[in-house]
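Presented below is the structure to which this report refers.
A quick note: this is a predicted structure, and the numbers were derived from the prediction, not measured. All ligand and atom numbering here is 1-based and tracks the order in the structure.
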Amino acid sequence: MNIQQTLSIIKPDAMKLKYSGKIIDFLEEKGFSIIAQKKIVLTKNQAEAFYIVHKDRPFFNELVEFMISGPIVVQIIEAKNAVSLYREIMGSTDPDKAEEGTIRKLYGSNIQCNAVHGSDSVENATTETSFFFNKLEMIK
Ligand code: IDP
Ligand code: MG
């Protein structure tokens, strides 16, 4: 059993459309446990720091503006092979290309407003979970 934790973010588009409950339900249905969870609004500095790996991509400024445009829910979620399992059930970045039944297909609007974020590697999951949460906020 390779139990892992990964970071999930319910993005501003899905929050505005009131999909947060459906997304959390979906995660629990797929076997994830919620280890930590909070609703926040990112500052510009925080959003830039979180997405620093994308700083040279053409969509960087747009992405930062989008991510600070409203509340988000950040979560640490845990399951067997959580990182790859979450990437699988999230679906492709572009909801139009995402497989049927994935979160982005069900709840995403377009390539930017695609409902959720999930860490893309075990290493990044560690960095990203500790970006938002300290040990006291993590409850098994
Ligand atoms: P991922 O979220 O599937 O890992 P990344 O390539 O890491 O995709 O991009 C991070 C986020 O940046 C995406 O989830 C999406 O919100 C946004 N994004 C990615 N590509 C584009 C684009 O071509 N135009 C606008 N926004 C984009
Ligand atoms: Mg990514």
Side-chain angles (χ1 to χ4, degrees):
M1 286 277 274
N2 189 15
I3 298 292
Q4 297 171 345
Q5 295 181 347
T6 191
L7 186 81
S8 171
I9 303 179
I10 304 175
K11 294 183 177 181
D13 59 315
M15 293 296 292
K16 285 193 184 101
L17 292 167
K18 300 203 179 289
Y19 286 148
S20 63
K22 290 190 171 71
I23 292 169
I24 293 168
D25 190 43
F26 188 100
L27 293 175
E28 292 192 324
E29 291 269 317
K30 294 286 179 185
F32 283 97
S33 298
I34 297 163
I35 302 297
Q37 173 169 285
K38 58 189 169 192
K39 181 182 180 183
I40 57 171
V41 178
L42 287 174
T43 65
K44 192 167 186 184
N45 281 346
Q46 288 167 339
E48 285 174 350
F50 182 73
Y51 279 118
I52 196 72
V53 292
H54 295 313
K55 69 178 187 320
D56 297 324
R57 307 275 287 273
F59 57 81
F60 179 70
N61 290 335
E62 221 188 298
L63 173 61
V64 168
E65 290 304 319
F66 163 58
M67 289 301 291
I68 68 174
S69 68
I72 58 175
V73 168
V74 288
Q75 297 171 304
I76 299 178
I77 55 174
E78 182 179 278
K80 191 178 167 194
N81 298 319
V83 175
S84 58
L85 175 61
Y86 192 36
R87 292 295 299 192
E88 197 180 303
I89 67 167
M90 259 167 61
S92 295
T93 308
D94 183 351
D96 284 344
K97 296 185 182 135
E99 285 199 20
E100 291 299 328
T102 59
I103 298 175
R104 283 168 163 172
K105 186 71 170 189
L106 288 165
Y107 305 118
S109 302
N110 57 56
I111 195 166
Q112 177 182 72
C113 302
N114 56 5
V116 287
H117 166 88
S119 310
D120 63 4
S121 68
V122 174
E123 195 192 350
N124 286 339
T126 305
T127 316
E128 293 183 355
T129 53
S130 51
F131 183 91
F132 286 109
F133 296 99
N134 63 48
K135 284 245 149 50
L136 287 174
E137 296 172 299
M138 296 163 62
I139 300 161
K140 285 252 197 177

### Query
With distance as the sole test, does Ser119 use its side chain to make a donor-acceptor pair with the main-chain N or O of Thr6 at under 3.5 Å?
no
### Query
At what distance is the nearest protein heavy atom to atom 2 (O) of ligand 1, and which residue and atom is it?
Arg104 NH2, 2.9 Å
### Task
Identify the protein heavy atom lying closest to atom 3 (O) of ligand 1, giving its residue, its atom name and the separation to 0.1 Å.
Thr93 OG1, 2.6 Å
#### Entry: Atoms in ligand 1 flagged as close to Lys11, the criterion being non-hydrogen separation under 4.0 Å
13 (C), 14 (O), 15 (C), 16 (O)
### Asn134 side chain vs Glu137 backbone, donor-acceptor pair below 3.5 Å
yes
### Task
Return yes when Met67 approaches ligand 1 closer than 4.0 angstrom through a heavy atom, no otherwise.
no
### Query
Do Phe60 and Tyr51 make the cut of ring centroids closer than 6.0 angstrom?
no
## Note on the structure
among protein heavy atoms, the one nearest atom 15 (C) of ligand 1 is Ile111 O, 3.2 Å
### Query
Any N or O of Gln112 that comes nearer than 3.5 Å to an N or O of ligand 1?
yes
### Task
Assess Asp120 for proximity to ligand 1: is some non-hydrogen atom of it under 4.0 Å away?
no
#### Entry: Ser130 (side chain) donor-acceptor with Thr126 (main chain) under 3.5 angstrom
yes
## Note on the structure
Within the 4.0 Å heavy-atom cut-off, what Leu63 brings close to ligand 1 is side chain
### Query
Going by distance only, is there an N or O of His54 that falls short of 3.5 Å from an N or O of ligand 1?
yes
### Query
How about Lys38: does its NZ atom have over 12 heavy atoms from other parts shown lying under 6.0 Å from it?
yes
### Query
Do any N/O atoms on Tyr51 end up under 3.5 angstrom from N/O atoms on ligand 1?
no
### Query
Hey, are Lys140 and Glu78 close enough for a salt bridge, meaning a charged N less than 4.0 Å from a carboxylate O?
yes
### Query
Are side-chain N/O atoms of Asn114 and Lys11 paired as donor and acceptor at under 3.5 Å?
yes
### Task
Output the list of atoms in ligand 1 that are nearer than 4.0 Å to some heavy atom of Asn114, sorted by atom number.
13 (C), 14 (O), 15 (C), 16 (O)
### Lys135 charged N/C atom sitting above Phe133 aromatic ring, 6.0 Å / 45°
no
### Task
Flag the pair Phe32 / Phe26 as yes when their ring centroid distance falls below 6.0 Å, and as no otherwise.
no
### Summary
The closest protein heavy-atom partner of atom 19 (C) of ligand 1 is Phe59 CZ, 3.5 Å
### Task
Can you sort out which atoms of ligand 1 are near Arg57, meaning under 4.0 Å from one of its heavy atoms?
6 (O)
